[in-house]
Amino acid sequence: MSPETHEASPEERAASTEVHEAESPNLDFAGTTPYEDYVQADVLTHLQHLRSDDPGEMVFLVTTQVMELWFTVIVHEWETAAHALRRDDIPVAVAALKRSLRELEALNASWRPLAQLTPGQFNSYRSALGEGSGFQSAMYRRMEFLLGDKSASMLVPHRGAPRVHAELEKALQEPSLYDEVLGLLARRGYAIPASVLERDLAKRYEPSPEVEAVWTELYSGDESGDLARLGETLTDVGELVWRWRNDHLVATRRAMGSKTGTGGSAGVAWLEKRATKNVFPELWTARSHV
């Protein structure tokens with residue numbers, strides 16, 4: 001009998017039914033789905049409480065919420081890296097930092113839905129923001145603290161939220177990611193000055209000529225070494241942070257020109273000042289001496 005005229009036997013039909021049933025997803029659950037229990041999608045998709053009738057407000061709000069989630073993931077990665085560096089575990093630190101590179105790329109891509117806003121489109125729902133501003137984001141502030149950009153005054157907006165304020169105060173007092181890198185270099189025998197190692201951790205990190213000299217020495221030697229690779233990974237992080245700040249600047253300039261920011265800041269002028277600052281500064285300046 002040819003394959004074209006073969007009639008399936010009862011056994012073959014039963015086997016085919018079993019395979020089909022095995023391939024079908026389970027759709028019957030006693031309560032909520034395991035996916036919902038894990039992801040909490042119903043919670044996430046009902047956090048959008050619009051304050052205007054403008055249809056563009058939804059993408060602005062959701063994009064901002066997505067940014068907050070990426071801030072949370074990146075803080076987790078950088079804290080993982082900082083703890084690993086404290087243990088002299090460079091491979092774990094580098095792995096976390098490299099994951100954060102992909103996450104920073106995704107965070108930076110969040111500007112795309114907002115980057116084409118015209119002043120008229122933004123102004124149609126801007127009043128709904130009131131005094132709200134990304135400048136007030138506690139999780140973004142934790143990111144900045146981990147980068148060494150610290151200031152006690154940045155805790156002030158969060159006095160009304162005790163848990164958030166306590167988390168930020170703890171982050172302010174702890175070593176930044178870069179502090180942990182410099183501590184590791186010192187333990188490896190490099191000449192990191194005591195004034196850097198014993199500085200007030202609650203204050204903004206300031207560049208040091210001695211630290212610049214250490215990075216110059218490292219980059220003048222074996223670039224395949226673990227410390228040089230760590231330096232390059234940190235430089236990748238610094239570059240993406242710089243791109244984030246510049247994309248923020250461009251999107252804001254396009255949407256509102258030189259108006260005062262929603263949170264009372266100088267708006268574009270303030271962002272321009274931020275965009276000129278490099279994180280991990282000596283990693284950039286040392287290159288001029290190699």
Side-chain angles (χ1 to χ4, degrees), residues 74-75 77-109 143-151 174-201 203-250 271-290:
I74 293 165
V75 164
E77 302 288 21
W78 291 351
E79 287 182 341
T80 298
H83 295 156
L85 290 167
R86 203 172 302 163
R87 303 190 306 270
D88 293 348
D89 192 341
I90 293 179
V92 168
V94 169
L97 291 171
K98 286 188 173 180
R99 286 194 302 270
S100 81
L101 297 178
R102 307 290 81 81
E103 294 147 10
L104 281 163
E105 288 172 349
L107 170 65
N108 291 0
M143 275 181 60
E144 293 280 356
F145 284 0
L146 277 164
L147 293 172
D149 192 355
K150 295 186 178 183
S151 171
E174 288 180 336
S176 70
L177 177 60
Y178 198 47
D179 287 323
E180 297 291 4
V181 171
L182 299 181
L184 171 67
L185 292 176
R187 292 192 297 276
R188 289 285 188 96
Y190 289 92
I192 305 297
S195 59
V196 171
L197 297 173
E198 298 168 6
R199 71 186 189 86
D200 184 351
L201 296 176
K203 293 184 178 179
R204 180 180 291 107
Y205 178 82
E206 297 295 340
S208 160
E210 292 87 353
V211 172
E212 181 185 84
V214 168
W215 284 117
T216 301
E217 178 184 350
L218 278 167
Y219 275 106
S220 299
D222 180 9
E223 290 192 352
S224 65
D226 57 354
L227 293 176
R229 291 200 305 272
L230 173 61
E232 281 301 274
T233 306
L234 288 168
T235 304
D236 289 337
V237 169
E239 179 179 335
L240 287 170
V241 170
W242 179 83
R243 291 184 185 280
W244 156 266
R245 291 173 176 174
N246 276 271
D247 287 350
H248 187 183
L249 168 62
V250 171
L271 293 174
E272 285 176 335
K273 183 178 179 180
R274 298 282 299 158
T276 62
K277 294 183 178 180
N278 285 322
V279 295
F280 319 136
E282 297 93 348
L283 274 166
W284 298 94
T285 56
R287 294 165 195 273
S288 300
H289 308 293
V290 176

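As a basis for the values below, the full set of heavy atoms in this structure was taken, side chains included, without hydrogen atoms, waters or symmetry mates. Keep in mind that what you see is a predicted model, and the values were worked out from it rather than measured.
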* **Considering all heavy atoms, the nearest G231-Y219 contact** => C-OH, 3.2 Å
* Where A84 and A93 come nearest, the two heavy atoms and their spacing -> CB-N, 3.7 Å
* Asked: Just by distance, do the side chain of N278 and the backbone of G238 share a donor-acceptor pair under 3.5 Å?
  -> no
* Asked: Heavy atoms, side chains only, cut-off 4.5 Å: are V279 and D149 in contact?
  -> no
* Short question: side chain of R245, backbone of K277 - any donor-acceptor pair under 3.5 Å? -> yes
* Closest contact, heavy atoms only, R99 versus T80 -> NH2-CG2, 4.4 Å
* Atom pair CG (L101) and OG1 (T233), whose distance is rounded to the nearest 0.5 Å -> 7.0 Å
* To do: Decide whether D179 and S176 meet the rule of one side-chain donor and one side-chain acceptor closer than 3.5 Å.
  => yes
* Main-chain N/O of W244 paired to H248 side chain as donor or acceptor, under 3.5 Å -> no
* From L85 atom CG to L177 atom CG, the distance as rounded to the nearest 0.5 Å -> 6.5 Å
* To do: Rounded to the nearest 0.5 Å, what's the gap from CG on L227 to OH on Y190? Could you check?
  => 5.5 Å
* Asked: Are E232 and R287 within salt-bridge range, i.e. N to O under 4.0 Å?
  -> yes
* To do: State, yes or no, whether a side-chain contact exists between I74 and L146 at a heavy-atom distance under 4.5 Å.
  => no
* Asked: Is E105 salt-bridged to R102, going by a charged N under 4.0 Å from an acidic O?
  -> yes
* Using the side-chain contact (heavy atoms from CB on, under 4.5 Å) rule, take T285 and W215 through it: C-alpha gap first, then chi angles, then the decisive distance, then the call. => CA-CA 9 Å; T285 56; W215 284 117; over 6 Å; no
* Structure fact -> Of all heavy-atom pairs linking P207 and P281, the shortest is CG-CG, 3.8 Å
* **For the student: nearest non-hydrogen atoms of I192 and A186, plus distance** => CG1-N, 3.9 Å
* From NE2 (H289) to CD (E282), nearest 0.5 Å -> 10.5 Å
* Hey, does V94 have a side-chain heavy atom less than 4.5 Å from the side chain of R229? -> no
* **Side chain proximity check, T216 to E212, heavy atoms < 4.5 angstrom** => yes
* **Aromatic Y205 / basic R199 pairing, under 6.0 angstrom, 45° off normal** => no
* Distance from L230 atom CG to L185 atom CG, nearest 0.5 Å? -> 7.5 Å
* To do: Rounded to the nearest 0.5 Å, what's the gap from CD on E103 to CG on L240? Could you check?
  => 11.0 Å
* Qualifying residue for side-chain contact (heavy atoms from CB on, under 4.5 Å) with F280, from V237, V241, T235 -> V237
